[in-house]
Protein chains: 2
Amino acid sequence: MNESGSPTLEQVAALAGVSRATVSRVVNGSPKVLPDTVAAVEQAILQLGYVPNRAARALVTRRTDSIAIVVPEPDSRVFSDPFFAGMLSGVSRTLAPTSSQLVLLIEPAPEPTEADDQRLLRYLRGGHVDGAIVISHHGRDNVLQELAQLPLPIVFSARPLGVDVPVASVDVDNVAGARTGVEHLLSIGRRKVATVAGPLDMTAGLDRLTGYQEVMKEAGLPAMIAYGDFTADGGEQATLRLLDEHPDLDGLFVASDLMATAALRVLSQHDRRVPADVAVVGFDDSVLATTTTPKLTTVRQPVEQLGARLAEILLAKIAGADLRSPEIYDTELIIRDSA
Amino acid sequence: MNESGSPTLEQVAALAGVSRATVSRVVNGSPKVLPDTVAAVEQAILQLGYVPNRAARALVTRRTDSIAIVVPEPDSRVFSDPFFAGMLSGVSRTLAPTSSQLVLLIEPAPEPTEADDQRLLRYLRGGHVDGAIVISHHGRDNVLQELAQLPLPIVFSARPLGVDVPVASVDVDNVAGARTGVEHLLSIGRRKVATVAGPLDMTAGLDRLTGYQEVMKEAGLPAMIAYGDFTADGGEQATLRLLDEHPDLDGLFVASDLMATAALRVLSQHDRRVPADVAVVGFDDSVLATTTTPKLTTVRQPVEQLGARLAEILLAKIAGADLRSPEIYDTELIIRDSA
DNA sequence: TTGTACGCGTTATCAT
DNA sequence: ATGATAACGCGTACAA
């Protein structure tokens, strides 16, 4: 033991009667060590409870064995989002076999300043991590652009809006997903189909609206749109507006499950039976979808899989691969009771 | 620049015409440096875009400037929990002024093995972090006990069940919180008050049940209990059982908002009006509470504040304070429409 | 106030 | 197959 606790390579070497270099080889699984030596060293390691000093290793290898999860948004809602939870789970599962650690980087202040942004960027530039996964929902200022241009392996959880350089990203096909949802509404005979869209500075908001618009246009039906902000309140207000402007609507495609729960409540309060009077389709298939009355028909995203791919791609980039294009996954319509 | 990118202290020194030591002093804000020297060094730092190498620094200072968030549970639900999101936000906000980084440690596998646990413990023992915040809900095996005995500053997000050594922890007074909720039900005239409790291997489950039992006993009323597992499904099953065994119940205290949403649905399906026939009180005041019909009366936890305290306590312990006792915060009854 | 010199624990190069 | 030995970038006694 050195005075502050952990035994070092040196001490293991002494105990095993070999040199530091040999111990290092054993620790790192070099093939060119005699079995006997390996055994002796492993015995010593066990006996001393040796664990490699990451800092020392990082200093010489110039690798940190840690990767960042960057959430360049003040919005703690990102975390409450089951979407995020699932992705994190996928990421962590993929990273487990590697020795890489996950480092969490989030904007601390409710209103992040330019200084906060710079702190973030400096950290990433500072070589503290081998790569970064960016979970961003809004196309906030130019932070995304700066992130994209960092000399660091990086991958985005969604096509970052406002970024004009090619970047690796993983996402679902939001346009196609929305199409599935809206087409389902048409297929069950609805013709007056409105949408509660998300904000247009988010990929998810933008693309899901596009999907809705495409289908409606193809069917020769008029689009009826109200914008929410992916919160329950926003969904409530938007639904109220729709009901006010189009009291006869018989179908509703809501761009997120959370907003859809609000929509269901508003519809019920205004004496619309779901799905009899108004059929409702959400998006996400989050835990919320099964807690509503009636249970929500919704478009599912394969969140864990997205997280896993995010991690895989990043690992590949760290290993040297030059990946700079989006990867798009399919959604699946989950039919329950609301449509 | 060295060949792999970042400039070093050495290069800054050369440019500024001083020694490495002086640059180091400036970087670390030593008071005994001439203003002129400081200016020159800062100029050089800016010009080179110098950023200290964390690994090198950690190697000599034996501090890592990073702290771990440990989630010793396979359950990704922990992350979807708005409770967790809020706490994380509080933690991160408190840690922002320090230069500490958050490192996320989670059990990767759905069924964590003994090996997974050991990996976790080894990492923490390995001196990779200065301290750890443990977010645990279940009293899983003996992991918590082992965590508690680690020679590392550590603080728990809730009184860890099954741990027999004194540990620092931050939590709300779940007993008192539950009491508030149940007392409210009694105060509005309900007498046949049942509870959907959480699992007893979780502090939250155990204590909230205790609160319910205390109040009922004091009022001389019989306890009616069904157990859920803090999921919507569990809440649904439990409510069904209660309704089956006690069809005349007129009040319901549900140990979590998520379970409460399920309870509301079941009640509605069984033609009980809320709150007219059955008044319902939840626990958490999560985002769910305002998405239900009727909106949920519930017991609020000050989550951000809890997170902030968690971080403050840990920082104090890292600085040498010997804190080994629980810190308990108050809850607040939020009255909405369900009771 | 500033500089010199050493050590932190590891990996990598070069001998042997 | 193994062992010396030199980096890696930084902080800090100690000396000046």
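All heavy atoms count here, side chains included; hydrogens, waters and symmetry mates do not. In what follows, every chain begins at residue 1, and chains take the letters A, B, ... in the order their sequences are listed. Small disclaimer: the values here were computed from a predicted structure and weren't measured.
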Identify all pairs in which a protein N or O lies below 3.5 Å from an N or O of nucleotides 14-16 of chain C, and state each distance.
none

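For N53(B), taking side-chain heavy atoms from C-beta onward, the closest of the listed nucleotides dA12(C), dC10(D), dT2(C) is dC10(D). Minimum atom distance to the side chain of A56(A) is reached by dG9(C), of the listed dG11(D), dG9(C), dC10(D). Nearest nucleotide to the side chain of T61(B), out of dG11(D), dT10(C), dA12(C): dG11(D).
Contact annotation: T22(B) does not reach the phosphate of dT2(C) (side-chain N/O to OP1 or OP2, under 4.0 Å). Proximity of S24(A) to the phosphate of dT11(C): a side-chain N or O atom is located under 4.0 Å from OP1 or OP2. Note on R62(A): a side-chain N or O is less than 4.0 Å away from OP1 or OP2 of dG9(D).
Take T64(A) and apply the side-chain hydrogen bond (donor to acceptor under 3.5 Å, both in side chains) test, not counting sequence neighbours, and it matches S66(A), D130(A). Remark: L34(B) pairs with T37(B) by the side-chain contact (heavy atoms from CB on, under 4.5 Å) rule, at least two apart or across chains. Remark: R25(A) pairs with no residue by the side-chain hydrogen bond (donor to acceptor under 3.5 Å, both in side chains) rule, at least two apart or across chains. E312(A) meets the side-chain hydrogen bond (donor to acceptor under 3.5 Å, both in side chains) test with R309(A); sequence neighbours excluded. In this structure, the side-chain hydrogen bond (donor to acceptor under 3.5 Å, both in side chains) partners of D322(A), at least two apart in sequence or on a different chain, are R324(A).
In this structure, the side chain of K317(B) engages the main chain of L323(B) through a donor-acceptor pair within 3.5 Å.
Taking 3.5 Å as the limit, the base of dG11(D) and the side chain of R20(B) contain a donor-acceptor pair of atoms between them.
The stretch residues 38-46 of chain A has no heavy atom under 4.0 Å from DNA chain D, so no residue of it qualifies as close. Annotation: proximity of residues 12-19 of chain A to DNA chain C (heavy atom, distance under 4.0 Å) is found for no residue.
Using a 4.5 Å heavy-atom cutoff, the side chains of R63(B) and R57(B) are not in contact.
Atom CG of L59(B) and atom P of dT10(C) are 9 Å apart (whole Å). To the nearest angstrom, P of dG3(C) lies 12 Å from CD of E10(B).
One end of the helix from dT1(C)-dA16(D) to dT16(C)-dA1(D) points its axis 30° away from the other end's axis, with each axis taken from 5 pairs and the angle rounded to 10°.
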Identify each donor-acceptor pair in which a side-chain atom of residues 161-168 of chain B lies under 3.5 Å from a protein atom, sequence neighbours left out, and give them as a table.
{"residue": "D164(B)", "atom": "OD1", "partner": "Q145(B)", "partner atom": "NE2", "Å": "2.9"}

Taking distance alone, no hydrogens or angles, what donor-acceptor pairs closer than 3.5 Å link side-chain atoms of residues 38-47 of chain B to residues at least two apart or in another chain?
{"residue": "Q43(B)", "atom": "NE2", "partner": "Q47(B)", "partner atom": "OE1", "Å": "3.1"}

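Going from atom CD1 of I69(B) over to atom CG of L105(B) covers 10.0 Å, rounded to the nearest 0.5 Å. The CD1 atom of I154(A) sits 8.5 Å away from the CG atom of L314(A) when rounded to the nearest 0.5 Å.
Residue contacts for L9(A): at a heavy-atom cut-off of 4.0 Å it reaches a base atom on one of the strands shown. Counting any heavy atom pair closer than 4.0 Å across all strands shown, V60(B) reaches a base atom. Using a 4.0 Å heavy-atom distance criterion, R54(A) is classed as making no nucleic acid contact.
Remark: the S89(A) side chain and the R93(A) side chain contain an N/O donor-acceptor pair separated by less than 3.5 Å.
The salt bridge (charged side-chain N to carboxylate O under 4.0 Å, His left out) pairs that include a residue from residues 43-53 of chain A number zero, where partners must be two or more places apart or lie in different chains.
Nearest heavy-atom pair across P72(A) and L120(A) is CB-CD2, 4.3 Å.
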